[in-house]
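Data first, discussion second: the structure below is written as structure tokens.
Numbers restart at 1 for each chain; the letters A, B, ... are given by sequence-line order, proteins then strands. Quick note: numbers below take in every heavy atom, side chains included, and nothing from hydrogens, waters or symmetry partners.
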Amino acid sequence: MATLKAVRGTRDLLPPETELWNRVEATARAVFARYAFGEIRTPIFEDTQLFARGVGEETDIVSKEMYTWEDRARAASEKAQSLTLRPENTAGVVRAYIEHKLDESGMLQKLFYIGPQFRRERPQRGRYRQFWQIGAEVIGPAWSGSERAIRDAEVLEMLATFLNEVGVKGWRLALNSVGSATDRPRYVAALREALAPVKATMCENCQRRAETNPLRVLDCKEPGDQATIEALPKIADFLDAESRDHFEQVKAALDTCGVPYVIDPRLVRGLDYYTRTTFEFTVPDGSGLGTQNALLGGGRYDGLSEMLGGPKAPGIGFAIGEDRLILTLQAQAAEATPKKLDAFVAPIGAAQNPAALQIAKELRAAGLTIEVGDGDFRLRKSFEAADKLAHRMVMVGEDEVASGILTVKYFEAGEQTKVPRSELAEALRTVPAK
RNA sequence: GCGGCUAUAGUUCAGUGGCAGAACGCCGCUCUGUGGCAGCGGAUGUCGUGGGUUCGAAACCCACUAGCCGCCCCA
């Protein structure tokens, strides 16, 4: 019989790698908490309409990458419904915001999430069909200050702090403003017009993009097209006074807080709901991501709530590609030394197994990480296993059990001492000098 | 979704048509109250899956599956 395997684009995360995942998530929780964010958990699947309206019917995500199925009615009282595994989490958070009338609190909502997302793309390193995002949203009624530039700057400063604390080296923040909901179409129209006479000279991709999605032309990496692209209209010239002012305030706050950034007038993002500030954090080549070098992205979505039938609720958010962050940390880590246990408890003779288990229980209760051997093992085998797993080994033989004085071997120091059982936990906490 | 490269032991890989290999790791013994070293021995396996060519296929051909690289797009 054919063996079953994890389906394409999905994967198992195993120890010791999961330890890194936990560290990343713990760091995110700790940092976000300092900025007064609370956790939200939304469903893994939602009504398909949520993504069609929120993310945008015309985006690649919605038009060809979603896992959608018809959840048929199973009773007369039940209606058939099109459901979709979430391809991103912002739409779900905004849906929950509307559904639970969080705007009526009058307070700014600061929500973060950690969870899997699903897109049916061709898998590649750093790109999976089930992938994890760590994200956050700041959203609220206008009077809560949700559309103020200080919120944008706070989010960006928090991300810089998070990346530094989690240990990402060499990150780069690219920043742009795509303007208000009316600025953007005006710019796209101007772009189309400017492209019409020159597109014939451009690469095949650009000729197609000039028709389907002119903003994407700005992303082109074809060397021969760069001069043409430089000459195209700039989004900055199409911002209304408020958007321009908003962007200036964001930049000023970042300057004051010492968060480095690069203005990238060509940074356009694929989700339809973005307005004003958009950003992306990337890592340098050689960080383990290849061309998938965008670690996280985000932006402001001042009209999203209304698009979903909710009240006016401006907001800004981001999503970190956790899989990519992990790959980056692994590639950048000089050498990941596997973490060792505090001690290995080695019974000598199977008769000592119960006593060894009891000692392990006491030590674990004292907060130590402990593995227990088996008295059937020859002592040599216990030593080998212990040295591989732990810093120290506690020998539990007949003599030790009788006297209550245990023999402890410290592998790094190569020393061996006798320790009364009552002082054992304390002795294992201290690392002897080499 | 498109183009390309790849798939052999737990891992990294060698093997260009004639007995399935190396290193590391693993297991055993020397050695049942003192490890790391050493010596000796052992197992590594559907050569990704299915078909084809051939006296003979891990190798050549086709299809499929999966991973990777690039594109598209995005985190």
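- Taking the nucleotide of RNA chain B with the nearest heavy atom to each of A:Pro123 and A:Gly298, the more 5' of the two is matched to A:Pro123.
- Among the atoms of the strands shown, base atoms are found under 4.0 Å from some heavy atom of A:Glu400.
- As rounded to the nearest Å, B:G10 and B:C5 have P atoms that lie 28 Å from one another.
- Look at the P atom in both B:A7 and B:C62: the space between them is 15 Å, to the nearest Å.
- The CG atom of A:Asp387 sits 12 Å away from the P atom of B:C26 (whole-angstrom rounding).
- Of the nucleotides present, B:U12 is the one that pairs with B:A22 by Watson-Crick or G-U wobble criteria, both distances under 3.5 Å.
- With a 6.0 Å radius and a threshold of 12 heavy atoms from other residues, nucleotides or ligands, A:Glu165 has its CD atom above the threshold.
- Within the 4.0 angstrom heavy-atom criterion, only backbone atoms of the sugar-phosphate kind lie near A:Leu295; the bases stay farther away.
- Backbone-only engagement by A:Gly9 is indicated by non-hydrogen atom pairs under 4.0 Å involving sugar-phosphate atoms exclusively.
- The side chain of A:Lys381 contributes an N or O atom lying less than 4.0 Å from OP1 or OP2 of B:G28.
- Here, B:U53 and B:A58 have their C1' atoms 16 Å apart, quoted to the whole Å.
- Across all strands, A:Glu322 comes closer than 4.0 Å to no nucleic acid atom at all (heavy-atom distances).
- Checking A:Phe411 against A:Thr10, the closest nucleotide of RNA chain B that is more toward the 5' end is the one next to A:Phe411.
- No engagement by A:Gly349 is indicated, since no non-hydrogen atom pair under 4.0 Å with the nucleic acid exists.
- Summarising the base pairing, B:G70 is matched to B:C2 through a Watson-Crick or G-U wobble pair whose two defining distances lie under 3.5 Å.
- Between A:Trp69 and A:Phe45, the distance separating the two ring centers is shorter than 6.0 angstrom.
- Among the atoms of the strands shown, base atoms are found under 4.0 Å from some heavy atom of A:Tyr128.
- Separating the CD atom of A:Glu121 from the P atom of B:G1 is a distance of 11 Å, rounded to the nearest angstrom.
- B:G52 sits 23 Å from B:G15 when the C1' atoms are compared, rounded to a whole Å.
- The partner of B:G56 is absent, by the rule that a Watson-Crick or G-U pair needs both atom distances under 3.5 Å.
- For A:Arg122 against B:G4, a side-chain-to-base donor-acceptor contact under 3.5 Å is present.
- Using a 4.0 Å heavy-atom cutoff across all strands shown, A:Met395 reaches at least one base atom of the nucleic acid.
- At the heavy-atom level, A:Glu88 lies nowhere under 4.0 Å from the strands shown.
- Formation of a donor-acceptor pair under 3.5 Å by the A:Asp376 side chain with backbone atoms of A:Ala350 is not found in this model.
- Judged purely by distance below 3.5 Å, without hydrogens or angles, the side chains of A:Asp302 and A:Ser180 never pair a donor atom with an acceptor atom.
- In this structure, A:Arg127 places its CZ atom 12 Å from C1' of B:C2, rounding to the nearest Å.
- As rounded to whole Å, 8 Å separates atom C1' of B:G33 from atom CZ of A:Phe383.
- The P atoms of B:G67 and B:U11 are separated by 16 Å, rounded to the nearest whole Å.
- B:A63 and B:C27 are spaced 41 Å apart, taking the C1' atom of each and rounding to whole Å.
- Between the CG atom of A:Asp60 and the P atom of B:G1 there is a distance of 13 Å, rounded to whole Å.
- With A:Arg421 as the partner, the salt bridge (charged side-chain N to carboxylate O under 4.0 Å, His left out) test is satisfied by one option alone out of A:Glu362, A:Glu426, A:Glu400: A:Glu362.
- Counting any heavy atom pair closer than 4.0 Å across all strands shown, A:Phe318 reaches no nucleic acid atom.
- A gap of 12 Å separates the C1' atoms of B:C24 and B:A9, to the nearest Å.
- At the heavy-atom level, A:Leu379 lies under 4.0 Å from base atoms of the strands shown.
- When only modelled atom types and interatomic distance are considered, A:Ser243 and A:Arg276 share a side-chain donor-acceptor pair under 3.5 Å.
- Using N1 to N3 plus N6-O4 or O6-N4 for Watson-Crick, or N1-O2 and O6-N3 for G-U wobble, each under 3.5 Å, B:U30 pairs with B:A38.
- A:Gly397 comes within 4.0 angstrom of a base, heavy atoms only.
- Residue-level contact check: A:Arg11 touches neither bases nor backbone, having no heavy atom under 4.0 Å from any strand.
- Using the Watson-Crick or G-U wobble rule with both distances under 3.5 Å, B:A7 pairs with B:U65.
- Here A:Arg378 reaches the OP1 or OP2 of B:U30: one of its side-chain N or O atoms lies under 4.0 Å away.
- Regarding contacts with the backbone of B:G67, every side-chain N or O of A:Gln124 stays at 4.0 angstrom or more from both OP1 and OP2.
- Atom-to-atom, CZ of A:Arg392 to C1' of B:G35 comes out at 16 Å; the value is rounded to the nearest Å.
- If you check every strand for non-hydrogen atoms under 4.0 Å, A:Asp399 touches a base.
- Base engagement by A:Arg380 is indicated by at least one non-hydrogen atom pair under 4.0 Å involving a base atom.
- Other residues, nucleotides and ligands place no more than 12 heavy atoms under 6.0 Å from the CD1 atom of A:Ile150.
- One finds a side-chain N or O of A:Lys388 lying less than 4.0 angstrom from the OP1 or OP2 phosphate oxygen of B:C26.
- Separation of the C1' atoms belonging to B:U30 and B:U16 is 44 Å when rounded to the nearest angstrom.
- Aromatic ring orientation, A:Phe411 versus A:Phe383: perpendicular (interplanar angle above 60°, classes split at 30° and 60°).
- Annotation: cation-pi geometry not satisfied between A:Lys110 and A:Phe112 (NZ/CZ under 6.0 angstrom from ring centroid, within 45° of ring axis).
- Distance, A:Lys64 NZ to B:C2 C1': 10 Å, rounded to whole Å.
- Of the side-chain N and O atoms in A:Arg8, one or more sit less than 4.0 angstrom from OP1 or OP2 of B:G67.
- Separating the CG atom of A:Leu215 from the C1' atom of B:C73 is a distance of 14 Å, rounded to the nearest angstrom.
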